[in-house]
Amino acid sequence: MTAPRFDGSAVPVRRALLSVSDKTGLIELARALAQRGVELLSTGGTANAIRDAGLAVQDVSDVTGFPEMMDGRVKTLHPLVHGGLLGRAGLDDAVMAAHGIGKIDLLVLNLYPFEAVTARADCTLADAVENIDIGGPAMLRSAAKNFARVAVVTDPSQYAALLAELSEHDGALSAQTRFAWSVAAFNRVAQYDAAISSYLSAITDAAQAVPQRSAFPQQANGSFIKVMDLRYGENPHQQAAFYRDLSPAPGSLATFTQLQGKELSYNNIADSDAAWECVRQFDAPACVIVKHANPCGVAVGSGCGDSYEAAYATDPTSAFGGILAFNTKLDGATCKTILDRQFVEVLIAPDYDDAALAYAKKKANVRVLRIPLAPPSPGFIDSKRVNSGMLLQTADARVVTRDELKVVTKLAPTDAQFTDLLFAWKVAKFVKSNAIVYAKDSRTIGVGAGQMSRVYSARIAGIKAVDAGLVVPGSVMASDAFFPFRDGIDAAAEAGIQAVIQPGGSMRDAEVIEAANEHGIAMVFTGVRHFRH
Ligand SMILES: NC(=O)c1ncn([C@@H]2O[C@H](COP(=O)(O)O)[C@@H](O)[C@H]2O)c1NC=O
């Protein structure tokens, strides 16, 4: 970042106001400032902590002549504080002198922990309200507005940089740093206000001590942090950037570390998310290969090597240039097999052994991401933009268990078929609708994705399996939604499918069940649909 176009010179720090809820690193900072000869000014609890450490500090209440009152609701809301932060160098010197306002050059402040307090399940409305910081944001705004003279830090993670910069500039802070921290302070205030607005506007019953809240507040506020600019969007004529949530969920794609490779593209990130979310739903070692947001091969095995082989064999043509995701550490032998065999856009795994990383270096362009595994977080809200609008929904976290399956045909699936049906069902959830998945021995045999008619998806799954040289007879089939007609079952029977899993619920279920019985196919209903658009 280049320096802003004002005077642009470094400003010496002679007087600092410290007012922090999170007292991490406070004493070390206060001591270092004091050693530089900076005069310290502070609010109640912060001043006590500094004084207890044997350092000299002046209370804000001594400066303002007002005690802190109303349980801290009013501490710093005073012209002698805000004037000290807002007064402009040169322009306001006379008025400051006339009113006895001393300049404050540095504000160190972090806010009442509203977000942490309201994240607790037992947080009462009263607790939430008392944790709405008023004086803190006001001071942050005053200091941040006056970045031409004043510096502001909002988080203990900035203290090291603050002290380093003071050392570097002989006790002063550069214009560039003051501007960057001013932006950070306004961003923090925006995040904080968004959190308050979202919390309060989600309340559906404020009469209860712990208020009832909807997942969908009257106003949806979100703060997203830019991770990177992208070379382009879905197509080269579109501009794009990738943002992450303020606090990304553990185990989510947004927590990735890129270990090597070319810059990630827009499509890489979208496809990586699909591959990673699909693979991390399996407990056993699994591999998912994604192309254009759809899995083109998925398998569960005894390790990453055999799961990759089986996933790849589903559709080697589509696997070319795919995104490969594993839910186990990737070993050197598997990494070598993959990279010697096929062009890969992105490799994703929770970890890599040294041999895998060493081998990947030979293909320097391949993007290698590490994402620490964590169980999917409950309550995740999925969003999708439409022109000038946004759709929100709770994430499709539904997992169907064997006990829930209802056998609707004369023939019941065998144990092995049940295992394959549940595997295919898990995969179908990540295939764009209309989704048809053929599977056998915990690996996909054919995937039909994104067709406007279900029977065509079924046909495509069969065609692909045959093209890949796989044997469909004896496989099972998953359909993400019910069959509106018997033709989907007829197509499956023609391909040799022996068991089917689908939600059920069609007007013509009886006709569809009759078709399965005619063909000697076992069929189970989940009662759950997994559309993915
Ligand atoms: N009301 C005020 O005038 C006021 N001024 C500063 N605060 C906050 O008080 C906290 C520090 O309090 P203490 O130093 O007493 O631990 C900081 O988080 C700061 O943002 C205030 N508290 C709440 O609004």
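Whatever order the structure lists ligands and atoms in, that order sets their numbers, starting from 1.
- A side-chain N or O of N221 and one of S197 form a donor-acceptor pair less than 3.5 Å apart.
- Sorted by first and then second residue, the side chain to side chain donor-acceptor pair (under 3.5 Å) pairs with a member in residues 240-260 form an empty list; sequence neighbours excluded.
- Under the side chain to side chain donor-acceptor pair (under 3.5 Å) criterion, E277 pairs with R280, not counting sequence neighbours.
- The ring pair (Phe, Tyr, Trp, His ring centres under 6.0 Å) contacts involving residues 113-145 comprise F114-Y199, where partners must be two or more places apart or lie in separate chains.
- The residues lining ligand 1, counting any heavy atom closer than 4.0 Å, are S19, V20, S21, K23, T43, G44, G45, T46, G72, R73, V74, K75, T76, L77, L109, N110, L111, Y112, D133, I134, G135, G136, M139.
- Other residues, nucleotides and ligands contribute only 12 or fewer heavy atoms inside 6.0 Å of the OH atom of Y266.
- Taking the six-membered ring where tryptophan is involved, the planes of F66 and H78 are tilted, since the angle between them lies from 30° to 60°.
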